[in-house]
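Since the structure comes first, as structure tokens, the remarks are kept for the end.
One-based numbering, in listed order, for ligands and for the atoms of each.
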Amino acid sequence: MSTTDHARLRNLTFTGNRGLEMEEPLLFETGRIGVSGVDLDEPDEVESRLGALARAEPLQLAGFSEPEAMRHYVRLSQKNFAIDLGLYPLGSCTMKHNPRLNEKLARLPGFADIHPLQPQSTVQGALGLIEEMCRWLRELTAMPVVAFSPKAGAHGEMCGMMAIKAALDARGETRSIVLVPESAHGTNPATAALLGYKVETIPAREDGTVAAETVREHLSSDVAALMLTNPNTCGLFERDIVEIADAVHQAGAYFYCDGANFNAILGKVRPGDLGVDAMHINLHKTFSTPHGGGGPGSGPVVFSKALAPFVPVPVVEVGEDGLKLLEKRSQTAEQGGQGAQSFGRLTAFHGQFGTFVRALSYMMSCGGEGLRQVSEDAVLSANYLRVCLSDLMSLPFGDKPCMHEVLFDDSFLDGTGLSTLDFAKAMIDEGYHPMTVYFPLVVHGAMLIEPTESESKASLDLFIATLRDLVMAAQNGDKERFTQAPRLAPRRRLDETLAARSPVLRWMPPEAAQGVAQAAE
Ligand SMILES: *Cc1c(COP(=O)(O)O)cnc(C)c1O
């Protein structure tokens with residue numbers, strides 16, 4: 001917070017608090033060195049065995065009493081916008097309700113209090129739960145193998161692409177190119193680049209989808225894989241996808257599908273039927289587990305038969321004497337099937353187990369029919385928004401049905417002098433977390449809205465009415481409402497350019513920070 005902001009708030013109240021909303025400094029700013037919530041006497045006559053490694057000076061950690069520590073974290077938690085507070089329409093991120101039943105089950109001691117190093121005979125139920133969740137994923141995707149250890153979608157992408165690389169290595173081939181459409185999420189090219197591939201960008205056609213013909217033009221014996229998102233990040237189903245998969249396979253390459261938008265086709269379309277070789281599934285998007293500050297992600301990857309030997313360990317094997325977790329490559333090699341030529345291990349231990357419990361809870365409480373309705377309702381919600389806003393906001397690909405998210409561009413702001421960012425900031429004053437903005441990059445000033453199936457019609461109607469009011473205000477020249485926004489949030493608009501150009505990534509004591517600032521001048 002800038003000093004002028006401080007001053008402004010100080011002018012408002014003595015403490016800087018507003019009503020019962022508290023200012024909250026950093027731990028380092030208010031804590032007291034040498035104070036601790038727990039006071040234990042120094043033990044006598046214990047000789048340090050750290051030798052030269054022993055700390056010469058006390059660690060400069062700020063301490064609190066227990067109630068102070070409690071308040072610090074509760075106040076911070078109240079500054080975090082959450083799906084439990086209001087509509088959170090971030091496109092592509094799928095911020096849907098996290099059912100409380102999932103939380104209840106994840107807290108059962110038999111799931112919550114186990115340790116990954118426990119003997120396998122004592123955690124047969126947990127292994128059974130992993131296997132059961134994988135069975136649901138296999139069924140829903142028509143893909144024979146699941147790697148469950150990746151800890152996010154991006155991590156799953158890396159997992160899938162490492163298996164593809166291992167498969168090419170096993171064929172004695174080194175291919176250097178990965179094809180990525182221009183509307184792709186940034187993690188796609190980042191993954192390919194991290195693994196040493198050259199990224200070649202594929203343009204979309206007028207309607208926002210990728211043409212099989214364009215893919216064919218880019219294919220060669222040097223292409224390792226195509227990474228394609230379906231439905232894509234414009235909220236559109238890739239209608240050439242089967243033809244694209246065939247062309248990729250004919251060129252000896254693999255088809256990686258970014259499955260972040262699987263929630264739009266759940267129970268309707270099975271990626272395995274489309275010719276996909278590997279696809280990550282964001283359990284925290286499609287299967288309702290908490291994210292966005294609420295909990296860890298989880299990105300299991302489903303694989304085709306062609307890639308099954310190359311998947312990472314661990315692997316759950318169902319045997320006559322119970323379930324076994326094969327944790328080493330030597331074990332899967334001996335076993336000869338799934339993971340026989342595994343590229344190895346991706347993470348310590350076995351992935352986000354608590355997330356598996358929540359995801360399976362969601363799958364089983366919805367059931368097969370319910371999961372189909374999830375995608376139907378998600379698509380219905382997005383199209384309801386599209387139809388109710390299309391007279392005022394601009395649709396880049398024409399007024400035709402979308403999947404689970406609706407994409408607007410900024411041409412409805414033409415002549416107002418306002419930008420997508422201004423519009424998004426004004427939504428904050430109205431109590432809405434803004435939608436995804438400026439992504440996908442293929443659309444100018446993109447606004448990508450994903451309402452999900454968990455919003456009621458009343459909630460959608462209020463959101464629509466709010467956006468309509470904002471658009472009319474923008475077009476009627478009420479510039480202040482936008483350029484000054486957010487006016488009602490604890491923080492006003494930040495200097496985003498300064499934040500991006502010279503980010504302050506580490507707290508320093510005020511004197512040291514001043515020193516650095518002076519040195520910079
Ligand atoms: C969210 C998302 C990812 C990355 O997933 P994380 O779980 O955030 O790592 C990749 N691609 C698309 C299209 C996404 O929406």
Inset, instruction - With sequence neighbours left out, write down each residue that passes salt bridge (charged side-chain N to carboxylate O under 4.0 Å, His left out) with K425, or none if nothing qualifies. - result: E496
Inset, instruction - Any salt bridge (charged side-chain N to carboxylate O under 4.0 Å, His left out) involving residues 343-366? Give me the pairs, sequence neighbours left out, ordered by first then second residue. - result: E103-R358, E327-R345
Inset, instruction - Measure from the ring center of F412 to the ring center of F423 and say whether it is less than 6.0 Å. - result: yes
Inset, instruction - Can you tell me which residue pairs pass the side chain to side chain donor-acceptor pair (under 3.5 Å) test with a partner in residues 229-240, sequence neighbours excluded? - result: R205-D240, D207-R239, N232-E238
Inset, instruction - Evaluate the side-chain proximity of K96 to K285: yes if any heavy-atom separation is below 4.5 Å, no if none is. - result: no
Inset, instruction - Apply ring pair (Phe, Tyr, Trp, His ring centres under 6.0 Å) to the pair F439 and H185, showing each step before the final yes or no. - result: CA-CA 8 Å; F439 174 80; H185 194 268; 5.7 Å; yes
Considering only N or O atoms, set out every pair between ligand 1 and the protein closer than 3.5 Å, with distances to one decimal place.
from	atom 1	to	atom 2	distance (Å)
ligand 1	5 (O)	N282	ND2	3.0
ligand 1	7 (O)	G153	N	2.7
ligand 1	7 (O)	N282	ND2	3.1
ligand 1	7 (O)	H284	NE2	2.7
ligand 1	9 (O)	G153	N	3.3
ligand 1	9 (O)	A154	N	2.8
ligand 1	11 (N)	D258	OD1	3.4
ligand 1	11 (N)	D258	OD2	2.6
ligand 1	15 (O)	S92	O	3.0
ligand 1	15 (O)	S92	OG	2.6
ligand 1	15 (O)	K285	NZ	2.8

